[in-house]
Every structure is written in C-alpha cells, then in structure tokens.
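What follows is a set of notes on a single structure, which appears directly below.
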Amino acid sequence: MSFIADTDLVGDIRPAVNFSDRPSGEKIDMLVLHYTGMKSGKAALDWLTCEESRVSCHYLVFEDGLTVQMVPESVKAWHAGISSWRGRDNCNTFSVGIEIVNPGHEFGYRGFPDAQIKAVNALAADIVKRNAIPARNVVAHSDIAPDRKQDPGELFPWKDLHESGVGHFVEPERISSGRFFQKGDEGPPISALQVLLATYGYGLRETGRYDSDTETVVTAFQRHFRPERVDGIADQSSIATLHKLLMNLPDQDTT
Ligand SMILES: [Zn+2]
C-alpha cells in the first residue's frame, strides 16, 4: 500500500504490511510512545515492515531525527498489543504509535540523542494537535501494558515533551525518607493507592494487597512520572507525585 504522509515532518515513507481498519466511527484519542528495543534502527525498520513480525507502527524516529511513516493514521497499526488505559482495552483501535530507535533495556539502554527528541517532540505535537488528543492520553507503552513492557523507559524526557506542549506532567516530588508501601503490605492505604493509580488511567484492580500487579504498575508510574528511582516501592515521593498529577489535570482530561 502506498500512501501520502499525514504530516510534512515525515522524511520517508516505508509502508508496513501489518495493519487493519479501525472500527467505523472510532476516533483517534491516544498517542503511544515506544522504543524499538533492537540492536539498530535498520533492524527495527526491517522488522516493523515485514509480515512475519505481526507488528507495525505509524511512525519510526531514528537517532538522527529522521522520521519514517509506515502506516497511515487512518488505519490501525499493530504496536500496543494487549493494553488498557482509563478503562479502555485494545488501545491499538484508537491510538497512533511512535517507535523511537533505542536498543532498549535488553540491548544497552541509553539516553535519546537531542536530534531524535526534537523530532519526536515535533511529531507528537503535530499528531496531538491534528487529532485533539487529551494530554492524559499521551502514554508510554509501559503505562498501558505494565506487565509486559518497559518502553520507552525512564530515560525518555517526558518533561521536555510536556514543555513542547504534549502530555501531562508535573515536577516529581523530592525523594525523602518516610513511610512507604511495598509488596506484601495490606490494608486501606493500599486500596487508596490502587484507586488513585486506576483513577489516573492504569489498569489496576483494587484488592487492598500490594501484590505483584501493584508493584508492576507502581514501577510503570515511576518510569514515566518519577524516573529518578524506579523500584516499584510506593514511597512518599511517588504517592505525592501521583496526587499532584490528579490535582493538576488539564480541563479536557478531568472526566
Ligand atoms: Zn512498545
């Protein structure tokens, strides 16, 4: 399938073969950021455009900032897999996905070069504006699939993205000593934490037990919103940062 790029920020078009129709009437309402998690950008491009992979993405951004479009936004790319956010499953049906070239935690996770981040921020701003995507629906793959995914990871500069007008972010609360909750803890404070995380968007059930699902979601939360320490322990800084996010939701995100 050949197609015309959705934005003039695209430097090259390399059509993928894995995609499908969006359900009729489904509006794009989410932007998902990924890292490729492969040894090179070339390997990622080959993988994302081959049938055998059973995956694809709308955009791929290389370390030098080159942006390649592989799937038109009007159709569904296969990037998110089993996923959930704000009570909705199958995020592929209503999202656009950007893959950012980085070897990832498996092959030598490293900081994202400035040229790449500049390109990602510009592309994300363009997508969010054209599709009127709410700030709280600009997410990491790890936010919507915390039990399976770590990408784009704690080195992704969400604060810079927010400063380019994309996504929801507050300055994380300072890490200090004090009360914290961790795996094995039980009781009303754990229920409260689970409810807050689910209220923000995470697919987490209230059980009143700090189980492995809770630990996994706290880890995902930290990767995105309190990246200084990613350990799955709900310390005061993590909890206060979560409260602050909920208290500072942009108007269009409060429902
Ligand atoms: Zn991903």
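For ligands, and for the atoms within them, numbers begin at 1 and follow the listed sequence.
A donor-acceptor distance shorter than 3.5 angstrom exists from the side chain of T36 to the backbone of N102, with no hydrogens or angles considered.
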Take K159 and E171 through the test salt bridge (charged side-chain N to carboxylate O under 4.0 Å, His left out) and record every step on the way to the result. CA-CA 8 Å; K159 185 180 171 180; E171 200 57 46; 3.1 Å; yes
Let me have the donor-acceptor pairs involving side chains of residues 104-111, under 3.5 Å, with sequence neighbours excluded, atom names and distances please.
unit_1, atom_1, unit_2, atom_2, d
H105, ND1, Y35, OH, 2.7
H105, NE2, E154, OE1, 3.3
H105, NE2, E154, OE2, 3.1
Y109, OH, P152, O, 2.6
Y109, OH, G153, O, 3.3
Y109, OH, E154, N, 3.3
Y109, OH, L155, N, 2.9
R110, NE, E63, OE2, 3.3
R110, NH2, E63, OE1, 3.3
R110, NH2, E63, OE2, 3.0

Less than 3.5 Å apart, which donor and acceptor atoms pair up between the side chains of residues 175-199 and the rest of the protein, not counting sequence neighbours?
unit_1, atom_1, unit_2, atom_2, d
D185, OD2, Q182, N, 2.9
S191, OG, E206, OE2, 3.4
Q194, OE1, T207, N, 2.8
Q194, OE1, G208, N, 2.9
Q194, NE2, T207, OG1, 3.1
Q194, NE2, R209, O, 3.0
Q194, NE2, T214, OG1, 2.9
T199, OG1, V195, O, 2.6

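The two residues W85 and R136 come nearest to each other via the heavy atoms NE1-O, 3.1 Å.
Pairs of residues two or more places apart, or lying in two chains, never qualify as ring pair (Phe, Tyr, Trp, His ring centres under 6.0 Å) while including a residue from residues 13-32.
Within the protein, the N, O or S atoms sitting under 2.8 Å from the Zn ion (ligand 1) are H34 ND1, H141 ND1, D151 OD2.
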